[in-house]
Chemist: 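A single structure is presented below for examination.
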Amino acid sequence: MLTIATGNKAVAAAVRQVRPSVIAAYPITPQTEIVEQMAEYVTRGELDSQFIPVESEHSAMAACIGASITGARTFTATSSHGLLYMHEMVNWAAGARLPIVMANVNRAVGPGWNVWAEHTDAFQERDTGWLQVYVSTVQEAYDTTLMAFRIAENESVLLPVMVNLDGFLLSHSMQSLETVEISDFIPPLRLPHAIDPENPAGYGTLTGPDAYFKFRWDMERSMRDSAGVIRETEDEFARRFHRKYGFVDEYRCEDADVVVVAMGTLGKEAEVAADLLRAEGVKAGVMRIRWLRPFPRLDLAGRDVVVIDRDYSFGFGGVIAKSLAATARAEPFSVIAGLGGQEVTYDDIAEFVRTRSPGTEYWFGVNDNV
Amino acid sequence: MFEVRIHSRGGQGGVTAARLLALAAFRDGKYATACPFYGAERRGAPVVSYVRIDDHPIRVYSQIRKPDLVIVLDQSVMDVVDVLHGLKPGGVVLLNGIGPYPLQGFSSYTVDLTGIALRADLVIAGSPILNTPVLGALAKLGIVSVDSVKKAIAEMFSDPRNVQAAETAYRELVV
């Protein structure tokens with residue numbers, strides 16, 4: 001069905017079709033619309049789920065963990081301070097190998113109190129063992145939420161997946177949305193280590209160094225295996241529903257001399273900048289990173305690279321720029337922009353490319369090269 | 001790309017007007033996005049929403065700098081906000097009000113959306129509903145089709161007075 005929806009409503013529409021048994025959530029701007037919509041689906045009888053209105057985000061994730069370990073499909077949504085408040089349980093969900101899907105509407109972390117888009121909230125959870133994906137349109141939010149369940153629940157993965165969308169810019173923007181009939185695209189969840197009263201077992205007990213170490217390696221092995229599962233899932237999605245996604249969404253990169261790397265809505269806006277630059281004779285392209293974990297391999301050899309980080313690791317740098325310097329042997333021009341919802345236009349992005357200085361870091365709107 | 005900026009006060013339905021316009025344009029077979037700008041607003045504070053309409057997918061999320069059309073749902077915001085800022089030369093201004101409002105270098109139109117809403121008893125929490133009648137005025141200006149306006153309003157609101165108010169605004173706006 002073809003309709004028009006906000007990013008939040010698109011996520012909710014996808015989750016409704018996937019029919020989780022348990023949804024536990026706490027409202028927080030700019031995510032609230034997702035949980036409101038889920039609660040409404042349940043209240044109207046359109047979704048047969050247990051909706052648990054918990055008293056905090058820590059409890060939301062704890063409730064999802066408790067439900068998931070019984071083999072139930074679970075979903076929650078949060079943002080910024082809500083995500084950080086559940087941090088302990090976010091780690092637990094991954095370590096317990098539970099395929100929970102969570103939508104995180106990216107929002108800056110206070111103080112100063114700020115409700116607008118930034119990726120630092122999710123980046124603070126990037127080493128927890130969750131898969132992380134970032135979307136750039138309403139359609140992609142819907143499609144990716146569907147795929148997230150199939151990927152998380154795959155037996156080779158069994159790790160939770162966080163679907164990230166930019167606060168307000170995408171969560172509250174209305175665009176066209178084509179919903180699909182998912183049919184058997186997402187098979188029933190079979191959790192191999194689900195609690196079984198017939199076969200009692202211990203969960204979460206004290207674990208010695210040897211077993212713990214093996215568990216950690218097993219998480220990493222699954223994280224590596226998830227790359228293939230993601231690829232297979234995206235291919236199958238394209239085959240069934242005719243929309244193709246990848247680890248990285250490339251735009252006009254084939255002959256590009258300079259590539260802009262960004263995530264989320266900035267990665268989409270950068271396409272317009274590439275068109276502008278091409279009209280000036282600059283062979284520009286865009287690589288929009290979708291999957292941050294597992295981190296993709298980017299082919300940046302022989303190209304100038306301009307990385308826009310809507311995040312920052314204090315005392316270190318833009319996380320994507322530094323990651324690419326380490327993994328793709330790039331010497332990027334590192335642009336820090338869009339923090340706290342700072343307005344960044346395609347004109348600004350084109351100007352980053354024109355004035356690029358490889359190997360340096362530039363804070364947009366601050367009149368200093370660092 | 002056709003770009004629209006809507007000025008209103010929090011609670012007057014500017015955000016919903018943007019979404020209705022995007023939906024109507026979408027029903028016309030166009031691509032459309034509605035991006036409300038959320039600041040630290042509350043009821044009564046000046047607010048802005050944006051709508052983009054194009055024949056191609058829209059990849060821009062930043063705020064509209066040079067609108068083709070400015071809609072003013074509450075003229076009192078003009079005391080505190082330069083609603084003409086960035087408006088393209090020869091651009092269109094649609095104002096909620098009574099009587100002509102000439103603006104040098106632009107085409108301005110006025111329609112009494114408040115009166116239309118009050119006469120139809122379209123009032124929520126003491127405020128007249130402006131976002132459905134304004135769609136009728138936009139159809140009259142040729143931004144979207146009358147059919148799509150009716151469809152869009154019916155999709156979002158079950159009360160038939162909303163469509164009727166849009167029809168009234170369509171009739172009353174003199175172009």
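In what follows, chains are A, B, ... by sequence order, proteins preceding strands, each numbered from 1.
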Chemist: Looking at residues at least two apart in the chain, or sitting in another chain, which of them share a side chain to side chain donor-acceptor pair (under 3.5 Å) with B/Gln75?
Modeler: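 For B/Gln75 there are no side chain to side chain donor-acceptor pair (under 3.5 Å) partners, ignoring immediate neighbours.
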
Chemist: Answer yes or no: does atom CD of A/Glu181 have more than 12 heavy-atom neighbours from other residues, nucleotides or ligands under 6.0 Å?
Modeler: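 12 or below, so no.
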
Chemist: Shortest non-hydrogen contact from A/Ala122 to A/Asn164?
Modeler: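 Distance-wise, the nearest heavy atoms are CB-OD1, 3.2 Å.
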
Chemist: Using a cut-off of under 4.5 Å on heavy-atom pairs, state which of B/Thr33, B/Ile58, B/Val51 scores highest against chain A.
Modeler: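 Max contact count across the listed options: B/Thr33.
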
Chemist: Pairing donors with acceptors under 3.5 angstrom, does anything connect the side chains of B/Ser145 and B/Asp28?
Modeler: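 Short answer, yes.
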
Chemist: Does the ring center of B/His56 lie less than 6.0 Å from the ring center of B/Tyr31?
Modeler: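 B/His56 vs B/Tyr31: aromatic centres not under 6.0 Å.
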
Chemist: Ring-plane angle category for A/His119 and A/Phe123, please: parallel below 30°, perpendicular beyond 60°, tilted otherwise.
Modeler: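 The arrangement is parallel - the two ring planes meet at less than 30°.
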
Chemist: In this structure, are over 12 heavy atoms from other groups packed under 6.0 Å from A/Leu2 atom CG?
Modeler: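 Yes - once you tally the heavy atoms of other residues, nucleotides and ligands closer than 6.0 Å, there are more than 12.
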
Chemist: Identify which part of B/Tyr61 has an atom lying under 4.5 Å from any heavy atom of chain A, answering side chain, backbone, both or neither.
Modeler: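 Both parts, heavy atoms under 4.5 Å.
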
Chemist: So if I take each residue of residues 263-273 of chain A and look for any heavy atom under 4.5 Å from a heavy atom in chain B, which residues do I end up with?
Modeler: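 Against chain B, the residues of residues 263-273 of chain A that fall inside the cut-off (heavy atoms, under 4.5 Å) are A/Thr265, A/Lys268, A/Glu269, A/Glu271, A/Val272.
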
Chemist: Parallel, tilted or perpendicular for A/Phe168 and A/Trp116, by the 30°/60° rule?
Modeler: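 Correct class here is tilted.
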
Chemist: Identify the residues of residues 344-354 of chain A whose heavy atoms come closer than 4.5 Å to a heavy atom of chain B, ordered by number, or report 'none'.
Modeler: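 So the qualifying residues are A/Val344, A/Thr345, A/Tyr346.
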
Chemist: Does NZ belonging to B/Lys66 count more than 12 external heavy atoms closer than 6.0 Å?
Modeler: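 For B/Lys66, atom NZ is not crowded (no more than 12 foreign heavy atoms under 6.0 Å).
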
Chemist: Return all side-chain donor-acceptor pairs below 3.5 angstrom for residues 245-253 of chain A, not counting sequence neighbours, or 'none' if the list is empty.
Modeler:
{"residue": "A/Tyr245", "atom": "OH", "partner": "A/Asp143", "partner atom": "OD2", "Å": "2.6"}
{"residue": "A/Asp249", "atom": "OD2", "partner": "A/Arg288", "partner atom": "NH2", "Å": "3.4"}
{"residue": "A/Tyr251", "atom": "OH", "partner": "A/Asp275", "partner atom": "OD1", "Å": "2.6"}
{"residue": "A/Tyr251", "atom": "OH", "partner": "A/Asp275", "partner atom": "OD2", "Å": "3.0"}
{"residue": "A/Tyr251", "atom": "OH", "partner": "B/Arg59", "partner atom": "NH1", "Å": "3.0"}
{"residue": "A/Arg252", "atom": "NH1", "partner": "A/Asp275", "partner atom": "OD1", "Å": "2.8"}

Chemist: Test salt bridge (Lys or Arg N to Asp or Glu O under 4.0 Å) on A/Arg243 and A/Glu178 and set out the steps.
Modeler: CA-CA 11 Å; A/Arg243 284 189 291 273; A/Glu178 187 188 4; 2.9 Å; yes

Chemist: When rounded to the nearest 0.5 angstrom, what distance separates CG in A/Asn8 from CE in A/Met174?
Modeler: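 Reported value, rounded in 0.5 Å steps: 11.5 Å.
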
Chemist: Pick one of side chain, backbone, both or neither for B/Arg52, based on which atoms fall under 4.5 Å of a heavy atom in chain A.
Modeler: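 For B/Arg52, no heavy atom lies under 4.5 Å from chain A.
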
Chemist: Who among A/Pro30, A/Ser136, A/Gly341 has the most heavy-atom pairs with chain B under 4.5 Å?
Modeler: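 Highest number of pairs under 4.5 Å: A/Ser136.
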
Chemist: Report the option among A/Leu170, A/Leu169, A/Ile4, A/Thr6 that has the most heavy-atom pairs separated by less than 4.5 Å from atoms of chain B.
Modeler: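 Most heavy-atom pairs within the cutoff with chain B belong to A/Ile4.
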
